[in-house]
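Here is the structure we will look at.
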Amino acid sequence: GLLADTPGFSKATLQDVRAVDLPGYFPEITRALETSSCKFADCKHLEEPDCAVGNEWERYEQYVDLLNELEEEEKLMRKKGKFRTAAESTEKSKDSIKGKRMEFKLKSKRYRKENRRTARQNLGDEFQ
């Protein structure tokens, strides 16, 4: 094996690499995809049926480890609110006694509809 000395770093990470882009960083995968294609467009090249890449290449274990690590990191980022999709941006994570649950975010006050009590108060002020 090889040893890498990384002064100032406690853990080596892949920055700005998403799980979907990882196969492009492995020449073994790109070479296999040049000659044939996978059955599914969103193939992760793990155990999917009719995968053009397969699992019989030298750095397959490293690829699986990195892919799992990136997917976990993306999952945590989504929970923290970074890197949300349009559908996820309307939800927030709430802690409760039974564990975590998702709850819809309220619109910012500027765009919220006026509640009935405030509307009645304002209506009463107009007549006085």
Side-chain angles (χ1 to χ4, degrees):
L2 300 173
L3 175 68
D5 183 19
T6 54
F9 293 97
S10 59
K11 181 182 175 188
T13 60
L14 296 173
Q15 298 211 349
D16 301 326
V17 178
R18 297 190 62 185
V20 223
D21 302 327
L22 185 64
Y25 290 94
F26 283 84
E28 299 93 335
I29 295 175
T30 52
R31 268 186 257 127
L33 292 175
E34 285 173 358
T35 58
S36 61
S37 62
C38 296
K39 180 179 180 180
F40 303 106
D42 62 346
C43 184
K44 293 182 181 180
H45 313 298
L46 297 174
E47 301 293 326
E48 293 90 355
D50 298 330
C51 177
V53 179
N55 58 4
E56 299 298 321
W57 43 288
E58 187 178 340
R59 298 188 303 159
Y60 178 74
E61 294 301 320
Q62 288 88 356
Y63 170 74
V64 172
D65 291 342
L66 284 172
L67 185 65
N68 290 335
E69 186 179 319
L70 287 173
E71 286 177 340
E72 276 299 312
E73 184 70 28
E74 287 176 13
K75 189 175 174 182
L76 286 172
M77 295 293 274
R78 274 192 218 97
K79 278 187 177 180
K80 288 180 182 177
K82 300 173 172 93
F83 203 90
R84 291 182 176 252
T85 63
E88 292 170 328
S89 64
T90 60
E91 298 175 348
K92 64 181 177 181
S93 179
K94 275 270 194 162
D95 290 326
S96 68
I97 296 169
K98 295 179 183 177
K100 289 202 177 265
R101 66 172 202 235
M102 294 305 281
E103 191 176 275
F104 287 104
K105 285 185 190 175
L106 295 174
K107 292 182 178 177
S108 65
K109 288 185 180 184
R110 191 168 74 177
Y111 299 110
R112 278 193 215 165
K113 184 179 175 184
E114 187 176 49
N115 67 32
R116 283 180 259 163
R117 181 178 181 185
T118 307
R120 254 188 259 129
Q121 286 174 347
N122 292 339
L123 187 63
D125 292 342
E126 290 178 15
F127 288 114
Q128 292 179 3

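For the numbers below, each heavy atom of this structure counts, side chains included, while hydrogens, waters and symmetry mates do not.
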Tell me, please, which residues at least two apart from Glu47 pass side chain to side chain contact (heavy atoms under 4.5 Å, CB included). Asn55, Tyr60
Go through the steps for Glu73 and Glu69 under the test side chain to side chain contact (heavy atoms under 4.5 Å, CB included), then give the verdict. CA-CA 6 Å; Glu73 184 70 28; Glu69 186 179 319; 5.8 Å; no
Taking all non-hydrogen atoms of both residues into account, name the closest pair between Pro27 and Arg59 and its distance. CD-NH2, 3.3 Å
Identify whether Leu70 and Val20 are in the same connected component of the hydrophobic contact network (ILVMFWY, side-chain heavy atoms under 4.5 Å). no
Taking side chain to side chain contact (heavy atoms under 4.5 Å, CB included) as the definition, give me every residue that meets it alongside Arg117, ordered by chain and number, with sequence neighbours left out. Asn115, Gln121
By side-chain hydrogen bond (donor to acceptor under 3.5 Å, both in side chains), which residues pair with Tyr63, not counting sequence neighbours? none
Just to verify, what does Leu66 make a side chain to side chain contact (heavy atoms under 4.5 Å, CB included) with, not counting sequence neighbours? Leu14, Leu22, Phe26
Listing, residues 31-45 side-chain donor-acceptor contacts under 3.5 Å, not counting sequence neighbours, or none:
unit_1 : atom_1 : unit_2 : atom_2 : d
Thr35  : OG1    : Ala32  : O      : 3.1
Lys44  : NZ     : Glu71  : OE2    : 2.7

Is the count of non-hydrogen atoms from other residues, nucleotides or ligands lying under 6.0 Å from Gln62 atom CD greater than 12? yes
Under 4.5 Å between side-chain heavy atoms, counting indirect links through other Ile/Leu/Val/Met/Phe/Trp/Tyr residues: same cluster for Leu46 and Val53 or not? yes
